Amino acid sequence: YQRRVHGDKLLMNQEDRESYLMSLVASSDDAEYRETATLRHLTCSFLKFHSDQLTVEHIGVRPYIIEMLIYPSEGGQIAAIQATLPMNRKAIVSYFEVTIHQLGALGGFSYGLTEAGSPFNKHVGMTKKGGNSYGYLSSGKLFSRKQQLPNVNVPELKSGDVIGCGFNFVKGEVFFTHKGNYIASVFRRVEAREFFATVALGAPGDMISVNFGRTPFVFDLNSMISDLKQSFVKEVESQTVDSFDIHSLVQTYLLQQGFTETLAAVSYTHLTLPTIYSV
């Protein structure tokens, strides 16, 4: 950056300051997640995985109610399938989409985020075991750790829908999308952990495909990330401070806001953080 010396301090003009701040929130490359993540194969008699390992269908033959009577402790024919890789915690936003090719008549479908220890026979968000989970059920209900999120209206899901779920590592929020439309961040102040994209098929006839970014998303993720970067710059720039204090200002801002994951996403080429910020 072009800088001028003022005494023993380096000053940046307005344009350089904004360019500098934008460089701090440059997202790390999500290429590995985008290109190599697939659905984790489950050895399950009523699931059929397609060769791309991104499409799966429920081929159970016994009625759901019979399965529940025979195997009540195993959740009937519910199968939760995680991605093979966790979301990239150094990204600004990590996101995936699901195409619902078909929903069966019974049992329902769910998707969202889970941790590695989450049970494979429960709908997403419908268990307190295995860490935190955040799920969107096809009935139009949102659950986390078996608790329904009240007073939130989201669309019921049906065959043909393209839906998405992401984690905003800047704000610590889980959000969902429906047919390319953003649904307000419904789970806020979420501690960033090692989350896995997860889908759960609940009954014979369910068939879905997952897109981790190998093909363009229906939702405009790039615009969302750009807006987050611009918002970060504006919030920092709104503080009254001399130009030479820009480094300490960024540190203070991130500390006060609790954006620990943003610190992990920051490029430290021009910024030295105290030992307390080791990430």
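These figures come from a predicted structure and were not determined experimentally.
Sorted by first and then second residue, the pairs that involve residues 152-166 and meet side-chain hydrogen bond (donor to acceptor under 3.5 Å, both in side chains), not counting sequence neighbours, are D161-H178.
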Pair E32, R34 - check salt bridge (charged side-chain N to carboxylate O under 4.0 Å, His left out), show working. CA-CA 5 Å; E32 181 183 7; R34 182 175 60 250; over 6 Å; no
One pair to check against side chain to side chain donor-acceptor pair (under 3.5 Å): T55 and S209. What are the steps and the verdict? CA-CA 4 Å; T55 302; S209 293; 2.6 Å; yes
Could you walk me through whether V210 and F96 satisfy the side chain to side chain contact (heavy atoms under 4.5 Å, CB included) test, starting with their C-alpha distance in whole Å, then the side-chain angles of each, then the deciding distance to 0.1 Å, before giving a yes or no? CA-CA 7 Å; V210 177; F96 71 101; 4.0 Å; yes
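By the criterion of side-chain heavy atoms lying less than 4.5 angstrom apart, applied directly or through intervening Ile, Leu, Val, Met, Phe, Trp or Tyr residues, I208 is grouped together with I163 in one hydrophobic cluster. When the side chains of ILVMFWY residues are joined at heavy-atom separations under 4.5 Å, either directly or via intervening members, V199 and L113 end up in a single hydrophobic cluster. Clustering ILVMFWY residues whenever any of their side-chain heavy atoms sit less than 4.5 angstrom apart, transitively, puts L54 in a cluster other than the one holding V162.
For the atom pair CZ of R188 and CG of N168, the computed distance is 11.0 Å after rounding to the nearest 0.5 Å. For the atom pair CD of E97 and OG1 of T177, the computed distance is 5.0 Å after rounding to the nearest 0.5 Å. To the nearest 0.5 Å, the span separating OG1 on T43 from CZ on F49 amounts to 8.5 Å. The OG atom of S94 sits 10.0 Å away from atom CZ of F167, with the distance rounded to the nearest 0.5 Å.
Taking 4.5 Å as the limit, every side-chain heavy atom of T198 sits out of range of all side-chain heavy atoms of S133. Contact of the H101 side chain with the T99 side chain is registered, since non-hydrogen atoms from C-beta on lie closer than 4.5 Å. Between L201 and I78 the shortest side-chain heavy-atom distance does not fall below 4.5 Å. Annotation: side chain of F195 is not in contact with side chain of R89 (no heavy-atom distance under 4.5 Å). Side-chain contact check for M87 versus Y33: some heavy-atom pair is nearer than 4.5 Å. Counting heavy atoms from C-beta on, the side chains of I100 and F109 come closer than 4.5 Å. Under the 4.5 Å side-chain criterion, counting only non-hydrogen atoms from C-beta, Q82 is in contact with F120. At least one side-chain heavy atom of H50 sits under 4.5 Å from a side-chain heavy atom of E57.
Taking the six-membered ring where the residue is Trp, F175 and F219 present tilted rings, their angle falling between 30° and 60°.
Shortest non-hydrogen contact noted between D206 and G104 is OD1-N, 2.6 Å.
Remark: side-chain polar atoms of T84 are not paired, donor with acceptor, to backbone N or O of L39 under 3.5 angstrom. A donor-acceptor pair is defined here as one N or O able to donate and one able to accept, closer than 3.5 Å; no such pair exists between the side chain of E173 and the backbone of F187.
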